[in-house]
Asks: 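I have a structure I would like to understand better, so I am pasting it below and will then ask my questions one at a time.
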2 protein chains.
Amino acid sequence: MTNIKEIAQFAGVSVSTVSRVLNNHPYVSPDKRESVLQAIDRLNYSRNINAIHLSKGKTNLLGIIIPFTNHPYYGAIVHGITKQANAIGCHIVIFETHYEREKEIQALNMLQMKQLDGIIVCSRISEMKVLLNYQTYGPIILCEDTAQAELSSISIDHYAAFSCALEYVIAKGYKKIGYSLGRKKSRNSFLRAKAFNDIMKKHQLINNPEWLFEGSYHIKDGVTLFQEWNSLQNKPEAIIITNDDTAAGFILTANKCGIKVPEDVAILGFNNDSLSELLDISTISLPLEWIGKMAVELFEKPEVIKHVKLDYTLIKRKSV
Amino acid sequence: MTNIKEIAQFAGVSVSTVSRVLNNHPYVSPDKRESVLQAIDRLNYSRNINAIHLSKGKTNLLGIIIPFTNHPYYGAIVHGITKQANAIGCHIVIFETHYEREKEIQALNMLQMKQLDGIIVCSRISEMKVLLNYQTYGPIILCEDTAQAELSSISIDHYAAFSCALEYVIAKGYKKIGYSLGRKKSRNSFLRAKAFNDIMKKHQLINNPEWLFEGSYHIKDGVTLFQEWNSLQNKPEAIIITNDDTAAGFILTANKCGIKVPEDVAILGFNNDSLSELLDISTISLPLEWIGKMAVELFEKPEVIKHVKLDYTLIKRKSV
DNA sequence: GTACCGTATGAAACCAGTTTCAGAGCAAGG
DNA sequence: CCTTGCTCTGAAACTGGTTTCATACGGTAC
């Protein structure tokens, strides 16, 4: 591999001059610039970016921590991140954790070791204090509703969004209402659960713990969810489901079993995926790509710690 | 930031010894090892991985070129790659190209600049000779059926898989058969088209160019596909659709319009996604995760150029 | 005439590690 | 007693860039 020294030698200049040409610095005479460019061409030179990274102390690499890649919710966020990151000359390294602590730490270690300039945490399993420990090594952006003063965050007001969903279902006359979550322990789930409890209490409706379902991520989980629902003696008449994929799984399975939505059970989803449109699922549309975009923008300004909240939209279709 | 020199000083040893401890080399006396470890702990030291990359000449970073992240077909491949890559201590950098040449070149340039140890190309737009130019900088693995002797590849026998699909549809008694593709120009599409032409000719069936549809990737494309099909005067009675997502979009839209599958039009998909199971779509199951796994294995052995082909399975359900 | 400034250039320090090489100490084998 | 070989250690070279600093040159202002 040819290096900058050989180029300098070939072109009859110093390495500083070659570096200046490579970085488009001014103060290089046209003829020297030309001879450097020729040398680069002749010797088929290409820069070793690791040396640049070492020297500059940054890599233009942005880590993303997500539980699943193959999921519309996170897919949309990642898409938003990627677009904005490309716009500022950054590349993306994806850490698919499946909520394994170890994987998350791996990503954080790469930040510590300076392989990453920053990290966007879309969903986490580690405690907040663990993240804070790594914060000295570079900006960490959270895609969750947090009051953590030390880390910037971008989130949807899940409390308000869920409340909106629930109020809509209640307004439609349903009284026996259940809901599903992803992981019970996540921040988003906490907020949704709180919203559920608050609103149900406000309307003096029964909050049956049997009607809280967990582990809803993918289409297949919708199949399971339906089976759980179907096996209940005392069934809720409406379910607010974490995401449209699971909702779709539920509805399609229900249809197979001759159970009608919304006649036998009403369903409200989240995310406004293309599937929900096709299946006429009422849903809460979340600006997921925007989350990604904003996360990158927060990363760009590490000196300002901000907490941004984004809005949601209720989309009324036929499943409620 | 503390560096290896400070550690050496603090521990009263040379940098070589520190390096040995860090890399678990033998030939370090227990007491020196201990004092180095203590120094590392006291000074809260962490290695700068960029220096390591520079020094070692590799990064343990593997690039993946894919058109879309948010797609079951590529999602499954990426998943397979990620799993296997993690097993060999590699991380993944995803390049979502949307079939833009520039993005592809970006990835290849990172290989050239030694930021990546290798690249797995899941689907490409650049000509083969472009790829070959970059091959000197590191292993490039193709996930496509190629005869290119210089690059390793892992692929499904799309010709055989499509033939199998078509023979099945024909055996079911359909004569007016159409099919959809992603990009006409891709290698996979070429093979599927060839299979279609060959088999149709063999059975002396009409090959109507109006019945070739393009641009089938996502659920939404299935909506469009249905509309195209529906607007035809002379409609095919069966369509073999590139992937289950598009097939699902087609079927769900058809159902909305009161058109029945398979009575009014038979559908056969590819990939055996969870959606196809729910919707009872007959499909060809492809070992996508295995493609990812094998691709990484081929990357590990750059000295051996191999062309691996994987098998497929016809899954009979109700849509044909 | 000289003080000052912008342009142009290269030497050398710097980023933070790994690796090679030479040599010291010590035990076993002949 | 001498050779051989293994364990341990550190100096120095090496990876390949960027950046600072000193300096030289030419033109302009006073």
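Predicted, not measured: the structure shown is a model, and the values here were computed from it. Proteins get letters first, then strands, A, B, ... in listed order; numbering begins at 1 in each.
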Asks: I would like to know whether Phe190(B) and His158(B) meet ring-ring contact (aromatic ring centres under 6.0 Å, His included); could you show each step before the answer?
Replies: CA-CA 9 Å; Phe190(B) 171 79; His158(B) 281 286; over 10 Å; no
Asks: Are more than 12 heavy atoms from other residues, nucleotides or ligands located less than 6.0 Å from atom CD of Gln38(A)?
Replies: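 More than 12 within 6.0 Å, yes.
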Asks: Students should find this one: the first and last nucleotides of DNA chain D, 5' to 3', lying under 4.0 Å from a heavy atom of chain B. What are they?
Replies: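 On DNA chain D, the outermost contacted nucleotides are dT7(D) to dG16(D).
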Asks: Yes or no on ring-ring contact (aromatic ring centres under 6.0 Å, His included) for Phe95(B) and His91(A), after CA distance, side-chain angles and deciding distance?
Replies: CA-CA 8 Å; Phe95(B) 297 86; His91(A) 285 289; 5.2 Å; yes
Asks: Give a yes/no on whether any side-chain N or O of Ser29(A) is located under 4.0 angstrom from OP1 or OP2 of dA8(C).
Replies: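 No.
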Asks: State whether Tyr27(A) places a side-chain N or O below 4.0 Å from either non-bridging phosphate oxygen (OP1 or OP2) of dT7(C).
Replies: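 For dT7(C), OP1 or OP2 has a side-chain N or O of Tyr27(A) closer than 4.0 Å.
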Asks: How are the rings of Tyr73(B) and His71(B) set relative to one another: parallel (under 30°), tilted (30 to 60°) or perpendicular (over 60°)?
Replies: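 Rings of Tyr73(B) and His71(B): perpendicular, over 60°.
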Asks: Could you tell me whether Lys293(A) and Glu297(A) make a salt bridge, using a distance below 4.0 angstrom between a side-chain N and a carboxylate O?
Replies: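 A salt bridge links Lys293(A) with Glu297(A).
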Asks: Do nucleotides 16-23 of chain C as a string where each nucleotide becomes B, S or -: B if the base has a protein heavy atom under 4.0 Å, S if just the sugar-phosphate does, - if no protein is that close.
Replies: BBBBB---
Asks: Does Arg101(A) pair with Glu127(A) as a salt bridge, N-O distance under 4.0 Å?
Replies: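 A salt bridge is present here (some side-chain N lies under 4.0 Å from a carboxylate O).
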Asks: Would you call the rings of Phe68(A) and Tyr217(A) parallel, tilted or perpendicular if under 30° counts as parallel and over 60° as perpendicular?
Replies: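 Perpendicular.
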Asks: Using a 4.5 Å cut-off on heavy atoms from C-beta on, say whether the side chain of Gln106(B) contacts that of Asn109(B).
Replies: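 No, side chains not in contact.
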